[in-house]
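Have a look at the structure below before the remarks.
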Amino acid sequence: MDGVNSMTGNYPDLPVLARICRENGALLYVDDAHGFGVIGERRADETSPYGARGNSIVRHFDESYENLVLVGGFSKAFSSLLAFLAVPRWLKDHLKVAAAPYLYSGPSPTASLATALAGLDVNEERGDEIRARLYRMTARVLAHVRALGIATPNTDGLPIVEIPLGDADDLDAVAAFLWEHGIYVTLASYPLVPRDRVGFRVQITAANTDEEIDQLCAALTELVARFPLQSTTAVRPVTAGRPAEE
Ligand SMILES: Cc1ncc(COP(=O)(O)O)c(C=O)c1O
């Protein structure tokens, strides 16, 4: 499963899922490509509810790696070509002799390692300050979205804000409208998603400025006046990143 979900921006109830796996001798495989670098361990001195250090969903919930495989990717928060696994010791020993990509591929390119190391340095020096800004800008966007009555499945306050459209056929026009207003979003089109989930995903990044957030909010205000979006009451509840069973 995903850690922080790539579309909803929400995370699963990891402690419950990990416990069920442990009780049943199963292995829980968590891909936290989107959480790594953003959420991390909870601490009294954390700068935001994302937690500290960006060390991923497992640490965010103070979970252990027993019966759990964490895949963390550097391609999002660190913009680098690298990924890692955090696994129980027995599995690490097993993978070292059984995983063909580990046995037969070449090492990661030096350039990829260098950008990851530089990213880790930035994370160490000012990661929590950056995350505090990111949280604050995201909170502004979410507050604006809610004030406009626009539905979003985002309940966990992370910087991925999915906005489903009222009419799936508007997607091209909505994307063009936002683009003309200087806003680039990721599109979720049919049949990649069911027709009632067609929409777009806004990603707030640490590189954004407060002026850009103003620009985004103004564009969303205009968008609501032009296109039907799903209202706060119409969107289906989402559990663990997926539409709840009806
Ligand atoms: C959940 C998830 N895992 C992994 C990836 C891919 O990561 P990478 O580009 O590092 O292979 C993506 C998207 O790019 C993703 O959404």
Side-chain angles (χ1 to χ4, degrees), residues 1-14 17-18 21 26-40 50-51 53-61 63 65 68-87 91 95 99-123 127 130-131 134 138 152-164 175 184-194 197-208 238-243:
M1 67 186 314
D2 280 13
V4 172
N5 185 276
S6 59
M7 289 306 292
T8 65
N10 297 329
Y11 42 68
D13 191 343
L14 191 67
L17 293 160
C21 286
L27 201 54
L28 183 63
Y29 182 106
V30 183
D31 175 346
D32 202 22
H34 292 269
F36 180 64
V38 180
I39 60 170
Y50 296 164
R53 303 187 66 204
N55 50 12
S56 205
I57 189 165
V58 179
R59 297 299 301 272
H60 188 72
F61 282 108
E63 266 296 330
Y65 291 91
L68 195 149
V69 172
L70 171 74
V71 182
F74 279 67
S75 73
K76 318 290 182 206
F78 288 84
S79 198
S80 296
L81 288 170
L82 207 71
F84 65 88
L85 288 175
V87 295
L91 184 57
L95 289 176
Y102 182 81
L103 288 171
Y104 300 123
S105 63
S108 297
T110 311
S112 304
L113 294 173
T115 60
L117 285 174
L120 288 172
D121 284 346
V122 171
N123 189 46
I130 290 171
R131 280 179 283 272
L134 183 59
T138 303
T152 172
N154 185 315
T155 52
D156 292 343
L158 284 146
I160 296 173
V161 182
E162 180 187 349
I163 299 183
Y184 170 71
V185 292
T186 310
L187 303 181
S189 57
Y190 177 80
L192 285 174
V193 296
R197 295 298 294 245
V198 165
F200 59 92
R201 177 182 76 174
V202 176
Q203 296 150 210
I204 299 108
T205 82
N208 284 127
V238 171
T239 308
R242 295 201 164 74

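Counting starts at 1 for both ligands and their atoms, following the listed order. Sequential numbering from 1 along the given sequence is applied to the chain's residues.
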With sequence neighbours excluded, tell me which residues meet ring-ring contact (aromatic ring centres under 6.0 Å, His included) with F36. F74, F78, F84
According to ring-ring contact (aromatic ring centres under 6.0 Å, His included), who are the partners of F200, at least two apart in sequence or on a separate chain?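 ring-ring contact (aromatic ring centres under 6.0 Å, His included) check on F200 returns nothing, list empty.
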Identify, chain by chain and in numerical order, each protein residue with a heavy atom under 4.0 Å from an atom of ligand 1.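 Heavy-atom contacts below 4.0 Å: D2, S6, D31, A33, H34, S75, K76.
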Output a table of donor-acceptor pairs, distance under 3.5 Å, between side-chain atoms of residues 100-119 and any protein atom two or more places apart or on a different chain; print 'none' if there are none.
from	atom 1	to	atom 2	distance (Å)
S105	OG	P101	O	2.4
T115	OG1	S80	OG	2.9
T115	OG1	S112	O	3.1

Looking at E162, K76, H34, which hits side chain to side chain contact (heavy atoms under 4.5 Å, CB included) with S6? H34
When you check the side-chain N and O atoms of R201 and N154, is any donor under 3.5 Å from an acceptor? no
Is the side chain of N123 donor-acceptor paired with the backbone N or O of G37 at a distance under 3.5 Å, no angle test? no
